[in-house]
Amino acid sequence: MNYNGAAKKIWLLEVIPLTKSSRVLKDPLLYYSLENNFQEGSIILISLRRKIIPGVVWRCRPPQKMFLRQIGFQIQPIHKVVIAQSAFTTAQMKLADYLGNYYWISPGIFLQMMWPFKSALKSKKSIDKLLIQIGGLSTKQKKEQRLILFPQINQAQKFLETNSFDLSSIAIFHSGLKAKEIKNNWIKVKTGQAQTIIGARQAIFLPFTNLREIIVNESESRHYSSWDMWPHYSAKVTVGYLAKIFQAHLKFISEIPTINDYYLKQQKKLKLEIPPANSLSARSAVKIIDLQAELARGNFSILSRELEDKLAEIVNHQQQALLFLGRRGFSTIVVCQNCGHLFTCPQCGIPLTRHITKSADKTLTEKLVCHRCGWTQPKPKNCPICHSHQIRNSGSGTQKLEYILEKTFPGEKIARLDSDCSDNQITKTLNQFQQKKIRFLVTTQKFLSYSNLILPQISLAAVVSADTFLSLPDFQAAEELFTLIQKIKRKLKPNQQFLIQTYSPQNKVIQWATNNQFEKFYQSEIESRRLLNYPPFALLTYLEFPHQNNSTSLQLAEQEKNRLESLVKQWKLSSIEILGPIIGNPPKQKGLFIWRLLIKAKNLSQRNQILSATTGKVVIQ
């Protein structure tokens, strides 16, 4: 550009890169334009790190005369305008801004999720066609819209199929739709044609025009949190703010509410509907089996004698059973008996799990797998430290339980349903189970997504090891166990048996869950969280300090804690508590050692103030 010393009239633009990359800065980037052919919310192309990428005009500063050379830092022109009119509603812009602040990442990550037409940005013809469709269908009268959420795609589809709706005023939205279906339903919402929107968590990012009601079904489900993908966010947090934007009526529905949701109900901050338990399921008996007593009788198997006898009855009567175990794989720990070497992941530092795969010709292959990052290696024949052949496999996963059942009940069809299964395998297994071609189904928490398909079929359900949950280093572990037991119990009829194996038969969580005593569990759990300053009383944030050297990582964490605690006092941030350093979970990531600090904050703005000053990697819980 030729400056020639002349003042130029320019528009300064704050731009949010439209990308899912976690490397993008949280705050907008500054660009300029010599033309005013865009709006806030327009999509433009910008140059960033030597690449041309799409960006969203976040704010336009009024035209002003200035010498470009007088700007105190380098500023680039925009590359070109892609969509001149605003591609996002005001509500979407507000929501992206809020979520960016809440999760301490760029709002562009959420804007990118709100704009499902990535391929259209590469073609002017596609963009023009899309804009004509939106513009031609726009309506002045904004009819009221209702959003109905389900944790699973199949639940949303079933709700649509089993209810009588005027399909012209319905939109369904989830990740399983084809591109054309996504576009058509998005347009129906954007133009106000859709008054009822049914979907999974992705539906919360649609361009609503007049949202008046939000219903969240089975609000206790963990599927409302995107723990399995980036970015990590909670749909429940999102709809809470979405309801504020539109002043919409928000209702959660849950038979077994989370501690957080029930607390908000008690504080009159949330409408929570709790359907009464089925009178038959409330009477269904639960048998707790003491595994300590089994050991005393010389039984070291993962199956108690009572459970094995019950399974034998299932075989004799040609019935079906569900066996639940919280860990997948064959052996959860592999250790050298001679020197004590524990086989761990070189990337994450967590114990490797032994897996066994069976080929078409029934050849067995053993491998060690990291359940955190997917690292895989063949199972070694000897120890890499002392070279001993005495390698012991300890702990039990779903593969081992499947193996024991095959040995105990030869000839019976046994299947497994866990995260190692592909979508096709899951569908095939569910179909075979419903056709009664499977005698025993071994599964992890994954079965909860399909409990309505599985539980009506069975004569016996068994939690093989309740202690798996009680040993987890997670403040929500007790809640997860309580919910699991209650979910199974509530769906069983009196003629269906329910067994729970544990080394702690008197554990209060197990007792409260089996006796339908939610209030007692809640009072104990909420008081514990209040004392320890856990949610719902605080926001949790980790600061991580990755380094190739373990001692250096720890030292960096200690130094940062001292510095941040000084700032907390200086800035009078009374709601901030800093704990640690503590070892990372996992202790390594991508080969780097991780030590971290835990920040507990009662106030979002104070938390963000301290995060703006840290040198650590921010991980929001």
Side-chain angles (χ1 to χ4, degrees), residues 147-156 158-159 174 199-201 203-204 214-228 232-240 243 250-267 269-278 281-282 324 326 443-455 461 463 466 468-470 472 474-492 498 509-510 512-526 528-529 534-537 540 621:
L147 173 63
I148 304 175
L149 291 178
F150 291 90
Q152 290 281 289
I153 293 173
N154 62 336
Q155 293 171 302
K158 185 177 180 180
F159 180 77
H174 52 69
R201 65 172 184 249
I204 60 180
I214 305 172
I215 299 173
V216 181
N217 291 286
E218 295 187 31
S219 60
E220 78 281 357
S221 174
R222 286 204 167 190
H223 287 282
Y224 285 119
S225 296
S226 66
W227 50 268
D228 57 342
H232 303 308
Y233 68 91
S234 166
K236 290 161 64 175
V237 169
T238 307
V239 295
L250 174 63
K251 180 172 70 174
F252 285 8
I253 301 175
S254 175
E255 291 183 340
I256 312 153
T258 66
I259 297 298
N260 280 23
D261 291 349
Y262 197 73
Y263 174 79
L264 293 175
K265 171 184 166 64
Q266 300 291 76
Q267 299 297 308
K269 294 180 180 179
L270 174 68
K271 182 170 183 182
L272 174 63
E273 183 180 307
I274 307 174
N278 183 299
S281 67
F324 177 89
T443 185
T444 60
Q445 291 97 318
K446 200 172 186 68
F447 104 92
L448 288 175
S449 305
Y450 311 99
S451 57
N452 290 333
L453 299 175
I454 297 173
L455 292 179
V463 176
T468 302
F469 292 94
L470 299 175
L472 291 174
D474 184 345
F475 75 93
Q476 295 175 301
E479 181 177 0
E480 189 167 347
L481 176 59
F482 184 93
T483 301
L484 169 70
I485 294 173
Q486 275 283 291
K487 276 235 176 193
I488 298 174
K489 189 174 188 296
R490 280 172 173 260
K491 293 183 184 295
L492 294 179
F498 186 17
V509 176
I510 296 175
W512 287 329
T514 55
N515 292 306
N516 305 315
Q517 295 174 309
F518 175 79
E519 283 290 343
K520 286 188 176 181
F521 170 68
Y522 169 76
Q523 292 298 337
S524 171
E525 193 70 11
I526 201 69
S528 173
R529 295 188 190 188
Y534 277 115
F537 303 103
L540 302 185
Q621 287 295 96

Checklist entry - Should E220 and Q486 be marked as a side-chain contact (heavy atoms from CB on, under 4.5 Å) after you check the CA-CA gap, both sets of side-chain angles, and the distance that decides it? => result CA-CA 12 Å; E220 78 281 357; Q486 275 283 291; over 6 Å; no
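I204 contributes atom CD1, which lies 8.5 Å from atom CG of L147 (distance to the nearest 0.5 angstrom).
Between F475 and Y534, the ring planes lie parallel to each other; the angle is under 30°, not in the 30° to 60° tilted range.
At a cut-off of 3.5 Å, with distance as the only test, a side-chain donor of Y262 or E519 sits close to an acceptor on the other residue.
Proximity of N515 to K520: side-chain heavy atoms (C-beta onward) are nowhere separated by under 4.5 Å. Side-chain contact check for L455 versus R490: every heavy-atom pair is 4.5 Å or farther apart.
Applying the salt bridge (charged side-chain N to carboxylate O under 4.0 Å, His left out) criterion to K265, with sequence neighbours excluded, gives no partner residue. Considering only residues two or more places apart in sequence or on other chains, K251 meets the salt bridge (charged side-chain N to carboxylate O under 4.0 Å, His left out) condition with E273. Judged as a salt bridge (charged side-chain N to carboxylate O under 4.0 Å, His left out), and not counting sequence neighbours, E255 has no contacts.
Smallest separation of non-hydrogen atoms from W512 and S524: CH2-CB, 3.5 Å. Across all non-hydrogen atoms, the minimal contact from A461 to I488 is CB-CG2, 4.0 Å.
Considering L264, N217, I215, V239 in turn, V239 is the only one that fulfils the side-chain contact (heavy atoms from CB on, under 4.5 Å) rule with F252.
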